[in-house]
There are 2 protein chains.
Amino acid sequence: MKPTKVTNSIRALRFAHGEMKQADLASAIGVTRQTLIAIEQGKYSPSLEVAFKIARVFAVPLEDVFQYPEEDL
Amino acid sequence: MKPTKVTNSIRALRFAHGEMKQADLASAIGVTRQTLIAIEQGKYSPSLEVAFKIARVFAVPLEDVFQYPEEDL
DNA sequence: TCCTGATGTCAAAGAAACCTGACATCGCCA
DNA sequence: TGGCGATGTCAGGTTTCTTTGACATCAGGA
């Protein structure tokens with residue numbers, strides 16, 4: 001798979017949200033634990049729907065969860 | 001394919017950006033014309049990377065381009 | 001009229017995201 | 001020591017997104 005350029009702050013947000021476990025977040029947004037791990041580690045960038053759901057769980061704007069680098073394109 | 005819950009304002013943004021053509025926007029963000037048409041029409045929601053690229057072309061926050069409904073999840 | 005540009009549609013194939021299920025490591029604590 | 005919870009990994013499949021290529025419609029201008 002293609003190494004994604006998108007970075008994220010999921011891990012920090014999880015801890016800031018009461019030591020929320022990966023499994024809890026995963027089921028909260030409706031994906032599997034493995035999928036969440038992959039996203040959190042930047043293995044690939046999620047779909048827009050999943051991205052929105054994560055932001056909503058933490059009640060922050062999407063750009064607070066995912067960052068896209070300035071350059072390229 | 002699954003009807004996406006995500007809506008977008010791409011068409012309006014295109015016109016607000018000097019009557020920008022679909023083909024021009026497509027090549028600007030690095031996808032094909034057909035892909036842009038499908039996204040613009042809400043046939044499916046794009047990847048997070050593509051979403052970010054579109055927002056960057058129009059120089060607006062991602063949430064100004066794509067909207068996710070309140071309810072569900 | 002005929003041509004061209006902009007938009008849209010369809011099918012088939014490939015790539016990326018997501019799933020299931022199994023297993024492995026690490027830290028903690030009874 | 002032995003078990004358990006949290007995290008991470010891998011293989012293999014399914015679904016969704018994206019591409020390629022061909023074609024269809026419509027409006028406007030030469």
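Proteins get letters first, then strands, A, B, ... in listed order; numbering begins at 1 in each. The shown structure was predicted, so the numbers you read here are calculated from the model rather than taken from an experiment.
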Query raised in the report: A:E49: what forms a salt bridge (Lys or Arg N to Asp or Glu O under 4.0 Å) with it, not counting sequence neighbours?
Result: none
**Report entry** Nucleotide of C:dC19, D:dT18, D:dT19 approaching B:T32 most closely (side-chain heavy atoms)
**Finding:** D:dT19
Query - Spacing of A:I29 atom CD1 relative to C:dC18 atom C1', expressed in whole Å - result: 11 Å
Report task. Taking Watson-Crick and G-U wobble pairs with both distances under 3.5 Å, convert DNA chain D into its dot-bracket string, 5' to 3', dots for unpaired and | for cross-strand pairs. Result -> ||||||||||||||||||||||||||||||
Requested in this report: First locate atom CG of A:L13, then atom CD of A:E40, and finally report the distance between them rounded to the nearest 0.5 Å.
Outcome: 9.5 Å
Requested in this report: Please report, rounded to the nearest Å, how far the P atom of D:dA6 is from the CG atom of A:D24.
Outcome: 8 Å
Query raised in the report: What is the nucleic acid contact for B:T35, judged by heavy atoms within less than 4.0 Å: base, sugar-phosphate only, or nothing?
Result: base
Requested in this report: Can you run down the ring-ring contact (aromatic ring centres under 6.0 Å, His included) pairs that involve residues 22-42 of chain A, sequence neighbours left out, and say none if there aren't any?
Outcome: none
Polar atoms only, N or O, under 3.5 Å: list the protein pairs with nucleotides 6-8 of chain C and their distances.
residue : atom : partner : partner atom : Å
C:dT7   : OP1  : B:R14   : NH1          : 3.3
C:dT7   : OP2  : B:Q22   : N            : 3.0
C:dG8   : OP1  : B:R11   : NH2          : 2.8
C:dG8   : OP2  : B:R11   : NH2          : 3.1
C:dG8   : OP2  : B:Q22   : NE2          : 2.5
C:dG8   : N7   : B:R33   : NH1          : 3.1
C:dG8   : O6   : B:R33   : NH2          : 2.8

Requested in this report: Say whether, by atom type as modelled, one donor and one acceptor occur between the side chain of A:R56 and the main chain of B:E70 under 3.5 angstrom.
Outcome: yes
Query raised in the report: Going by heavy atoms in the side chains, are A:I29 and A:L36 under 4.5 Å from each other?
Result: yes
Query raised in the report: Once the angle between the rings of A:F52 and B:Y68 is folded into 0 to 90°, is it parallel (under 30°), tilted (30 to 60°) or perpendicular (over 60°)?
Result: parallel
Query raised in the report: Whole-Å distance between D:dC17 C1' and B:E49 CD?
Result: 13 Å
Query raised in the report: Does the side-chain contact (heavy atoms from CB on, under 4.5 Å) test come out yes or no for B:Q67 and B:S9, once each step is laid out?
Result: CA-CA 8 Å; B:Q67 300 83 36; B:S9 312; 3.2 Å; yes
Query raised in the report: Does B:Q22 reach the main-chain N or O of B:I37 with its side chain, forming a donor-acceptor pair under 3.5 Å?
Result: no
**Report entry** Spacing of B:I54 atom CD1 relative to D:dC17 atom C1', expressed in whole Å
**Finding:** 13 Å
Report summary line: Those residues at least two apart in sequence (or on a different chain) that pass side chain to side chain donor-acceptor pair (under 3.5 Å) with A:S27 are none
Report task. Let me see the working for B:L48 and A:L62 under side-chain contact (heavy atoms from CB on, under 4.5 Å), right down to the final yes or no. Result -> CA-CA 10 Å; B:L48 188 56; A:L62 206 150; 4.0 Å; yes
Requested in this report: Walk me through it: do A:Y44 and A:I39 pass the test side-chain contact (heavy atoms from CB on, under 4.5 Å)?
Outcome: CA-CA 6 Å; A:Y44 51 73; A:I39 294 171; 4.1 Å; yes
Provide a list of protein-nucleic acid N or O atom pairs under 3.5 angstrom, restricted to nucleotides 12-16 of chain D.
residue : atom : partner : partner atom : Å
D:dT16  : OP1  : B:K2    : NZ           : 2.9

